[in-house]
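Right, one structure below, let's go through it.
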Amino acid sequence: MYQLPEQLVQETGDSLVYCPKRVLVSKEFTFDAAHHLFAYDGKCQALHGHTYRLQIAVTGFLDQRGLSVDFGDLKAIYQAHLEPLLDHRYLNEMLPYMNPTAENMVYWLYKTVEAHLPKNDQKFEMAFVRLYETPTAYAEFRKEWD
């Protein structure tokens, strides 16, 4: 059986925790939605749709099981608080009043996830939210910009 290096045994004790540092956990989702942009002179001023790809990244320290943020917790936040407003929806009507650009949406997504992170002994923090409108174009909001 593998033995923990002595330094890690001293840092973590005899437990299921191996990593004593903060780690980043990310979960990805896709949704289909339509929108149009206000005050925009171009094709996107007309109603159109995207298959969006959303990445949510959270950091935390490991708990007694050796987990930081459970992937299932991120999925539950998405399913309860984001998916009903996003998937197969007309974003101009579903989101708070904003021009539904990727830049505005990514900030709203970040704040919504942050508000619903589990509140317990773990010190969870948002790292970033990245929203792809196309396979090659995305907007991102990061913790250090808040």
Side-chain angles (χ1 to χ4, degrees), residues 2 4-5 7-8 11-13 15-146:
Y2 179 79
L4 290 175
Q7 177 189 2
L8 284 176
E11 290 178 5
T12 63
S15 73
L16 299 174
V17 178
Y18 180 80
C19 175
K21 307 292 184 183
R22 181 176 289 279
V23 297
L24 182 138
V25 172
S26 179
K27 183 94 172 114
E28 194 168 297
F29 306 92
T30 59
F31 61 92
D32 296 300
H35 70 155
H36 76 277
L37 300 181
F38 300 104
Y40 183 83
D41 186 23
K43 292 192 302 184
C44 294
Q45 70 184 347
L47 179 64
H48 65 285
H50 299 282
T51 297
Y52 289 92
R53 192 170 102 222
L54 171 64
Q55 295 174 331
I56 299 170
V58 178
T59 67
F61 291 96
L62 278 59
D63 64 14
Q64 71 281 359
R65 304 168 298 172
L67 298 174
S68 61
V69 180
D70 192 313
F71 292 117
D73 289 341
L74 295 179
K75 183 177 180 181
I77 291 169
Y78 174 78
Q79 289 177 328
H81 303 286
L82 299 175
E83 187 175 40
L85 299 173
L86 300 172
D87 194 33
H88 287 84
R89 299 295 185 181
Y90 178 42
L91 299 176
N92 296 70
E93 293 178 349
M94 298 304 296
L95 298 180
Y97 184 70
M98 69 172 84
N99 200 11
T101 62
E103 296 89 340
N104 275 332
M105 289 173 60
V106 77
Y107 180 71
W108 174 78
L109 290 160
Y110 179 99
K111 288 303 198 178
T112 302
V113 172
E114 182 179 53
H116 293 96
L117 283 177
K119 309 289 188 252
N120 56 27
D121 293 339
Q122 297 303 104
K123 294 185 172 117
F124 300 124
E125 292 182 3
M126 291 296 300
F128 67 86
V129 170
R130 183 177 293 152
L131 181 65
Y132 285 84
E133 267 195 358
T134 72
T136 61
Y138 70 86
E140 180 172 294
F141 189 80
R142 294 184 162 270
K143 176 184 187 282
E144 57 266 25
W145 302 335
D146 197 10

K27 NZ/CZ over F29 ring centroid, <6.0 Å and within 45° of normal: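 Checked: cation-pi criterion met.
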Report the C-alpha separation of V106 and Y138 in whole Å, then their side-chain angles, then the decisive distance to 0.1 Å, and conclude whether the side-chain contact (heavy atoms from CB on, under 4.5 Å) test is met. CA-CA 9 Å; V106 77; Y138 70 86; over 6 Å; no
Please report the shortest heavy-atom distance between [X] and [Y], naming the atom on each side.
X	Y	value
Y110	R142	CE1-C, 4.1 Å
M98	F38	O-CE1, 4.3 Å
Q79	P84	O-CD, 3.2 Å
L86	A33	O-CB, 3.3 Å
T101	N104	OG1-N, 3.1 Å
G60	S68	O-CB, 3.6 Å

Heavy-atom side-chain contact between [X] and [Y] under 4.5 Å:
X	Y	answer
Y40	N99	no
M126	V58	yes
L62	Y18	no
D146	Y107	yes

Just by distance, no angles: are the side chains of Y90 and H36 close enough, under 3.5 Å, to form a donor-acceptor pair?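 Yes, because at least one side-chain N or O of Y90 sits under 3.5 Å from a partner of the opposite role on H36.
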Looking just at side-chain N and O atoms, do H48 and H35 make a donor-acceptor pair shorter than 3.5 Å?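 Yes, because at least one side-chain N or O of H48 sits under 3.5 Å from a partner of the opposite role on H35.
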Trace of the side-chain contact (heavy atoms from CB on, under 4.5 Å) decision for I56 with L109: CA-CA 9 Å; I56 299 170; L109 290 160; over 6 Å; no
Quick one: [atom1] on [X] to [atom2] on [Y], what's the gap to the nearest 0.5 Å?
X	Y	atom1	atom2	result
T134	Y52	OG1	OH	10.5 Å
H88	D32	NE2	CG	4.5 Å
E133	L131	CD	CG	7.0 Å
L85	F31	CG	CZ	10.5 Å
F141	R130	CZ	CZ	14.0 Å
C19	F61	SG	CZ	9.0 Å

Could you walk me through whether L82 and W108 pass side-chain contact (heavy atoms from CB on, under 4.5 Å), step by step? CA-CA 10 Å; L82 299 175; W108 174 78; 3.9 Å; yes
Might you confirm whether atom CG of D41 has over 12 heavy atoms from other residues, nucleotides or ligands at distances under 6.0 Å? no
With a sphere of 6.0 Å drawn around NZ of K75, does it hold more than 12 non-hydrogen atoms of other residues, nucleotides or ligands?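 No, not enclosed.
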Go through the structure and list residues passing side chain to side chain contact (heavy atoms under 4.5 Å, CB included) with L24, not counting sequence neighbours.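 Once residues adjacent in sequence are excluded, the partners of L24 under the side chain to side chain contact (heavy atoms under 4.5 Å, CB included) criterion are S26, A57, T59, A127, F128.
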Which residue pairs pass the salt bridge (Lys or Arg N to Asp or Glu O under 4.0 Å) test when at least one of the two sits in residues 78-96, sequence neighbours left out?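 For residues 78-96, and leaving out neighbouring residues, there are no salt bridge (Lys or Arg N to Asp or Glu O under 4.0 Å) pairs at all.
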